[in-house]
Amino acid sequence: YALKVLKKAEIIRRNQVEHTMTERRILENIKHPFIVKMDYAFQSDSKLFFVLEIAQVVNSSSISLRSADLKKMQPGFSEQHTTGSSPFAFIEILYRDLKPENVLVAADGYVKIADFGLSKENVVGHSEAKSICGTAEYLAPEIL
């Protein structure tokens, strides 16, 4: 297991209470082979604990996916898959923090997404999520 430990005082200071509650709800309710599994969540007086399946950050030097390889994969995902009309659209969750540190590999070899702290629930259309969020290093320059 991996133990994610969050200090309550820090969550409050950074105004992240709702984000933390969202992350717990999502991890508690979603069971999918490409999402890190949370087995338990508990708290002490000063900390929150998420007990997660163990997974490792993908080492980018071990991935040999070049732009030429990506072109061979065209057309990739269809518009149906990317606009929310796919079989997984019923979950109505928008993941908003895709970056290398949040792409992990579990012991079973599956690539898994972790850290749902910036995710938004109940997204059913194109107007529910208009806030700008994410890690500054991975945002487009025009957004910054």
R96 backbone acceptor or donor facing K120 side chain under 3.5 Å: no
Nearest heavy atoms of T135 and K99, plus distance in Å: OG1-NZ, 2.7 Å
Listed partners of E18 passing salt bridge (charged side-chain N to carboxylate O under 4.0 Å, His left out), at least two apart: R25
Sequence neighbours excluded - salt bridge (charged side-chain N to carboxylate O under 4.0 Å, His left out) pairs with any residue from residues 131-144: none
N/O donor-acceptor pair under 3.5 Å between E28 side chain and I26 backbone: no
Verdict with reasoning, V105 to K112, per side chain to side chain contact (heavy atoms under 4.5 Å, CB included): CA-CA 6 Å; V105 177; K112 308 235 178 185; over 6 Å; no
Transitive ILVMFWY side-chain link Y110 to L27, under 4.5 Å: no
Qualifying salt bridge (charged side-chain N to carboxylate O under 4.0 Å, His left out) pairs, either residue in residues 38-47, two or more places apart: K37-D39
Check: V123 and I93 side chains under 4.5 Å, non-hydrogen atoms: no
Residues that A55 engages under side chain to side chain contact (heavy atoms under 4.5 Å, CB included), provided they are two or more places apart: L104, A106
Sequence-distant partners of V51, side chain to side chain contact (heavy atoms under 4.5 Å, CB included), two or more places apart: Y1, L3, Y40, F42
Residues which pass salt bridge (charged side-chain N to carboxylate O under 4.0 Å, His left out) with E10, listed by chain and number, not counting sequence neighbours: R13
Those residues that, when tested against K8, pass side chain to side chain contact (heavy atoms under 4.5 Å, CB included) (two or more places apart): Q43, L48
Test ring pair (Phe, Tyr, Trp, His ring centres under 6.0 Å) applied to Y138 - qualifying residues, sequence neighbours left out: none
Salt bridge (charged side-chain N to carboxylate O under 4.0 Å, His left out) against K4, all qualifying residues, sequence neighbours excluded: E23, D115
Same cluster (ILVMFWY, side-chain, under 4.5 Å), F50 and M21: yes
All pairs passing ring pair (Phe, Tyr, Trp, His ring centres under 6.0 Å) where residues 8-31 contributes a residue, at least two apart: none
Joint cluster assignment, V36 & I113, ILVMFWY side-chain distance < 4.5 Å: yes
Any residue meeting ring pair (Phe, Tyr, Trp, His ring centres under 6.0 Å) with Y95, in chain and number order, not counting sequence neighbours: F116
Residues in salt bridge (charged side-chain N to carboxylate O under 4.0 Å, His left out) contact with K7, at least two apart in sequence or another chain: none
Path from F34 to L52 over hydrophobic side-chain contacts below 4.5 Å: no
Check: N102 side chain, D97 main-chain N or O, donor-acceptor pair, under 3.5 Å: yes
Linked, directly or transitively: I35 and V111 (ILVMFWY side chains, under 4.5 Å): yes
